[in-house]
Structures are given as C-alpha cells and as structure tokens.
Amino acid sequence: MTNEALIAAIDKIGAEAETRQGAQYVETFVPFAKMHGFMKHLKEDDNLAFDYLICVSGVDHADHMQMVYHLESTKHNHMMVVKVKTDGRETPAVDSVTDLWPTAEFHEREAFDLLGIHFNNHPDLRRMFLDDNWGYPLRKDYKDDIHIVSR
Amino acid sequence: MAFNIYDFTTLTKSIHEGLSSQFSPTATLAIEWTIVGLAYLLFVALFGLFLVYAERKVCAAFQQRMGPMRVGPWGLLQTIADFIKLLMKELIMPKNADKFLYNLAPFIVIIVTFMVISVIPFAPGLATFDFDIGVFFVTAVSSVGVIGILLAGWSSNNKYSLIGAMRSGAQIVSYELSVGLSLITMIILAGTMQISGIVEGQRDMWFIFKGHVPAVIAFFVFVIAGTAETNRGPFDLAEAESELTAGFHTEYSGIKFAFFFLAEYINLFIVAAMATTVFLGGWMPLHFGDFDSFNQIMDLMPGLFWFFFKVLGVMFLMMWFKWTFPRLRVDQILNLEWKYLLPINLFNILLMAAVVLFGLHF
Amino acid sequence: MDELREIMITTDEIKTDEYLINMGPQHPSTHGVLRLLVQLEGEIVHNVQPHVGYIHSGIEKMAESLSYPQIGHLTDRMDYLSAHQNNEAVALCVENALQVEVPERVKYIRTIMSELSRLASHQLWWCVMGMDMGALTTFFYGLRDREDILDIFEETCGARLTVNYSIPGGLMFDIHPNFQRDVKAFIKKFKTKLPEYDRLLSGNVIFTERTKGVGFLSKEDAIAYGVTGPTGRASGFSCDLRKHRPYSAYDKVNFKEILSDVGDTYARYQVRMAEMWESMSIIEQLIDNIPEGDYAVKMKGVVKLPEGEFYQRVETARGEFGVFIVSDGKKNPYRVKFRSPGFSNLFAINHIAKGWKIADLVAIMSTFDLVIPDIDR
C-alpha cells in the first residue's frame, strides 16, 4: 500500500485523528481519549493490519507528554507512527495497549518508570529499573545533584 | 622381608608375622588396622589430588588448551596449591542451616567412599577385606552415599541445594538398579560374589572376552550407570552448574567442600576399579588361552601396573563423556534408566544365563 | 519469603506446593546481572518474572546532553556484542536526518563489519549455549574462532569489542591494508571450523533430545511480543530488516532470510547456525568488490539535526535495533530512545517457559541470546 492510500485508509477510521506524511513515515496524532479504539482499529482492520508494535517511546515536551508508537504490518509491510499527547505533564495518563500487543506491557512499564506516564488498564504497572521512591529521570525537570553534573 | 612387586602376599604375610612375634594378637590387629587406615588415607588423598590434576589436563586436551601450567613443572603442584587454599578457607554456614546434619553430611559421603575402596584388590595380596559377598557389599554400601548428599541438600536451607539433592536421590536410586543388575550378570558367569574369586576366574581370559556379547553389553551398561552414580557429566544434574549454581554443595566451603570434591573423584575411581575387577580382569595381565609366549610377556608386567593401567583407561573414558556431552534433563535421565537400561539389563541376564547354561562362553 | 511474595505480582496466589527461586542477579546461566523470579512446583516452571535494572546506566538520559557523534560511542556499551551494528544505527539515523549520502565504500565496509560482528556474536552465543546445556567444551571451540574476528576488528579500528567505527558521515578510519586478506583468510578457515560445531553439538543425541520440541513460540506470539532476530525468525516471523528494509549495502548482495516454522529451542539453534553460513556468504560477495573512494564525507564540526523526529531500524545479531531521535534543532538531541532487541525478546520468556522444566528454562534463555546492558540501557 502506498503512503497516500495508507493515509486515506487511516482517515476512514475517524476518531479525530490527524494523519499526515512525516519526514520518514506516515504520522498520526490521536487525542488520548480516543486512542484505544483507534489503535484497536489499526490492528484489526484487514487493510491496515498493524500487528507488530516495534517501539513505544515517551517524550517529555514542555507542557505535555507524548507517547510515540511505531507500528508495522507484517502482512502488508507498511509502517506508521502514532503519536498521543497527554493532558498536562503532572499526572499524565493514556490508555494501555497491552491487550492489543502484549509487548506493550513492558515498553509501557519502562515509560512509567522513566517518565512517570500512567497507563490506564495496564495489568502490572510498577517500576521497572528504579526504586519506588526514585523520581522520573527522563523528565526534563529531573534534578539529581549528586549524579548529574550540569554545565 | 622379601619384597615382590608381582605378589604382595609375601610382604603382607611377613609384616603380619613380624608383628605377631612382638605383640599380643589384639595389639597386632590394632597396629595392622592403623597401618592399613593410614595407607588408605594417604592413598585417597594423593590419588585424589592426582585425579584432579589428570581431569584438568584431560579436559584441557579436549578443549585445545594447556590446562594448569604455572605452579611447578607442567603445573604438577597446582592441585596441591588448590588443596592448601581449600584447607585455609573459612568455613561458612548458612544462618538457618540444620547445624548437626549440615556438618554430618560431608563425613557420610567421604566415609562411604572409604568403605567401598577397602574391598578393591589393587594387586595380589593388596586388598583389605575379601568377603564372600564382596560385590554385594560394594553395591550396598556405595548407595549409602546418597544419604549424605540428601542431608547436605536438606540441611543447607537453600532451595538450589534441595533441588540438587532431590535430583541426586532420584538418580542414584534408579541407577543403583542397573549397576547391581549388570554386576549380577557377571556373577552368573563368575559363579561367585567373592572379589578375589572373580579376579582368579579371569586368569586365562578376562570376563569381557569370556562372556562375549552379554558381557560387553553389561560392561557398557555398567559404565553408563556408574557414571550416573558418581554424579558426573553428562549426568551431573545434582550440581548442574548452569541451572542450580552448584547444587547440593552450594553452601559448603573450605574443607567440607573438599570432602565432597574428593569423594566425587574417589567414586570415579571406585566405579572404574569395579569395572576393571569384574570385567577387565582386575590385576590380571592380558591372557589369551593357549598363546603361551604372549601370556609370558604379559606376565612380566606387575599386577599393580595392570590394575592402574585399566583403571585409568576406564576413567579416561568417563572423563571423555563428561567433557563432550551436554547434560541430560531430569526426566530424560529417569527415562534412560527405566525405559532402556533396565529392560536391556534384564534381557541381558537371561542371555548370560543361557550362555552359561549351554556353555557358549570361551 | 514474605518479602518475595510482595514483589511477586501474580493474579493467582502461590499454591502450597509451589515455591519461589531467584535465578540471579548472580547466577551462572543468566549471562549478566539479570534476575529471574521463578515460581516452581518441583522442577516445573509455573511463572517467570524477569527483574531488570541492575546495570541500568541511563544512556538515554546521558545522550540528551551529548552531541550526535558522541552518542554513537555510548551505543557500543549497550549491546557490546553487536557494537558495530549499534554504531551504524546511530550513524544512519543522523545521516538520514541530514540527508547526507555516504560513499559506496563506506556502505560496503559497514556491511562487512556488521556481518563480522554478527558472526562473532553468534559464535559467542554458540559457546554459551553449549555451556548452559552442560557441554563445557563448546565454550573453547567458539572462543577460538571468535579471536580471529576480534583480531580483525583490532587491526581495523584499534578496539576488539567496543569498535566505535561507524560515525555520522562515514567511518572513523579507512580499513587497514591487510583487511581484505585477513577477512578472506578468516572465512576460508571458519568454513572448515563451522562443521566442527555441528559435529560437537548439533548432532548430539542428548542435545537434540533436550532442545527438539521444547519451548514453543508461535508466529503470532512472536509478532505480538515483538520477538525479532533469529529468535523470531525461528518461529516463522519474517523480520529480517536486511531483507525488508535494506540499508548500507544489503540491497547489493544475495542472501537468504533464514526462516523456520517450528519455533522450538532447536529451531532457534538451527536458525543461528544457518545465519553464520549466510553471513559468510554476504562477506564473500562484498570483500573483493569494495569500491575505491573516501571513507567518510566531510561533516560540519557541530552536527545539528533539523527539528523533527527520526527513527532508524537495523538488524543486529539479536534482532531489531531501533534509534528514535527527537530533535529540537540544537546540537544535542531532545530525546533519544533505543529500541533494543533484547528488551522485547526477554519478556516473552514467561510465555514460552511456562510448563517446562528448570533445565528447559535455561536452554530457552540461552537461545534468546540475551545481553543484559542491551536490556537495561
């Protein structure tokens, strides 16, 4: 499927998603309230069939958090990126996609550990690398006077 | 005091007579026991050290490397240095270990090996006990060692140790059968359980040749089962390094660990010595029926040489197993025994009985 | 014990016959500081919970205060057995973002180096696989041949493990004049040595009994859990990025993507063994055809990426490695995320190992070929 056809197919899903051709891949912005239904469509639609979740990354922007999902379809061999902005960055929360892609469970745990993003309906949301009392080190306002030397 | 490297009977007899003329019979017995005890202690310690060195060199040869080379010429003193290190190490005991059983376990294991080694004839006249049920004694006593391993695993208060001990228990109880039955096969041929009698019966030809097909089958079964009984690779489930760290002796250190370590190597020696005695003629030289000149040349070499030559050969075979094969899984190890070795063994006994009954052996 | 119970999050309670065992962080078969909390009934595994983070080094955070050429040096330390492929991923990502076209020579050399490090990695995997199964001799056979590759690395770039050879814009240095001769000599030698591996382990009846039919992973589960690399391909998940999304010189060579549809431990073993042959064939196709030219393009002193988000995928020895760079136009990245193959692969362990024995768990673990810094990052 060409990227144009892919964009058209994604547009059909609706869910207030904005899809455009990015620098490398097709990129879609979805509001966090609608994301789970949208992702479910991406996976279960026969024309899209995004069955392989490559990577889940969290990014701390100044006023919100962003979750970035890289998806690939092993059937059609096309790729896309889904981006979800959270509401504010103090107690950010998005829906978990563990029920769609089991691998997300661990990538989401990592994002929770390092960025403090909460995932609703996650089966096992706990810290992965760090202690419970540790801060969220990948946040931009994280301060560690002992271990991080700022110049 | 005549000394004859072909027959130690004269030596032992003259010592006995010399002592008897000086002391009362009770004192003579006490002194003789002390001498024998010290001799065994010395033998076990030195031969154990040698075996550790040999194993490391053999293993190195299989792995295309040199093995220990730094301490002494060709690394000969390496094992002695290691032994000194083991002696000087701190004895650590887990806090919640069962103190009494934890300390008892290594002694049970080492005592059992000493008991078994006492019936093995090294050369004519060089055997301490010569029961009329010698083979039975070996199989009975050698299986007591598993109690030591079970106790070690249980008392260490460590789950790895416990798993290792349970595996070892299941394994030794099973393989005891094969060891016993393959020995029984040979007893049918020998017609006696007395170890000196078995050796004497092989004067004209070793049992493995005399009994041909069933004897060869019994020999292979015995070597496989014997390897399993010594807890060595590929049957080293009880210590299975990559699974259970060190299995039943995970929590042991210093001299107590050295006891387990030494017992493992002496058990290796015992299995090889039993294989030698029962199948390969013990200290008997290689003889073939009527080839008199050949037999006489073979007679030139002393019994002690023949015994250790064969024992080391069998031990090399078992080291070869260990350093080539991957480890079996616990269910496979039991399958191998109960589904393959045991039926083969029972069939083999019938075969051997038929061979003996109809006089089909050489 | 009570403490362990708290850590163990399982939906069902621990039954009376079950007990917990900590495999690791110090354990001979975890290949590093990985802790597996194993719930056992006798010998049978009921649940495996991997606990990671013992050597988390915060590379993603560190990268935020470093420049782009510097990030490459950190990636060596993640999956140290695929160091070159990790370098290459960062270099490719930056080059794509800047739309820099590197010379053909660079592409060829990068491909050869990638395949060499894949070979070295698979050799080490083979040694350790044998060792985990209790065959200690394999370890020395594998390391013997791996030395030759490390010597080539040393001659090429001065380092044996953390090669640090690919940088944005090309390579650190040109290849050594002896490079082609040494690589050809190595391939010739290793072609006679690889059948030795088969004779020692692959055909051994104990080994096949222990691996065949053990630890199944279906294709659907491999995709769902994101299990890539030889581990995924053994389940029939066609995920070889060298084939599907060729980078460097992979579009110029003929090679097969090794796939198996069995998905057991033995299939994972077989796939890696076959990949070693494929890697050698790739190197042979390229080694005589390295074009003349520059070994790097001239880059600006300070590399600044345009604002945006960039993602680059490469195939390392363990699976799909991804670099995700968020740039705000400065000389430092705003956020870097490494998608490491080991991370996704590891967490399929509970799915696979459930119901098998401890010994099988160890065998399954070693066919995953984990490198712990790759998981912890």
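Reminder, nothing fancy here: chain letters follow the sequence lines and each chain counts from 1.
- Within the 4.5 Å cutoff, the side chain of B:R167 has heavy atoms near those of the C:E43 side chain.
- For a heavy-atom cut-off of 4.5 Å, chain B lies close to C:F140, C:Y141, C:R144 in residues 140-147 of chain C.
- Taking CD of B:Q63 as the reference point, atom CG of C:L136 lies at 6.5 Å (rounded to 0.5 Å).
- The interface of residues 322-333 of chain B with chain C, defined by heavy-atom distances below 4.5 Å, comprises B:W323, B:T324, B:F325, B:P326, B:R327, B:L328, B:R329, B:V330, B:D331, B:Q332.
- With sequence neighbours excluded, the residues satisfying salt bridge (charged side-chain N to carboxylate O under 4.0 Å, His left out) with B:E55 are B:R232.
- Neither the backbone nor the side chain of C:V128 comes within contact range of chain B; no heavy atom of the residue lies under 4.5 Å from a heavy atom of that chain.
- Other residues, nucleotides and ligands contribute only 12 or fewer heavy atoms inside 6.0 Å of the CE atom of B:M66.
- Taking CZ of B:F62 as the reference point, atom CG of C:L200 lies at 11.0 Å (rounded to 0.5 Å).
- Using a 4.5 Å cut-off between non-hydrogen atoms, the part of residues 352-364 of chain C that approaches chain B consists of C:K357, C:I358, C:A359, C:D360, C:V362.
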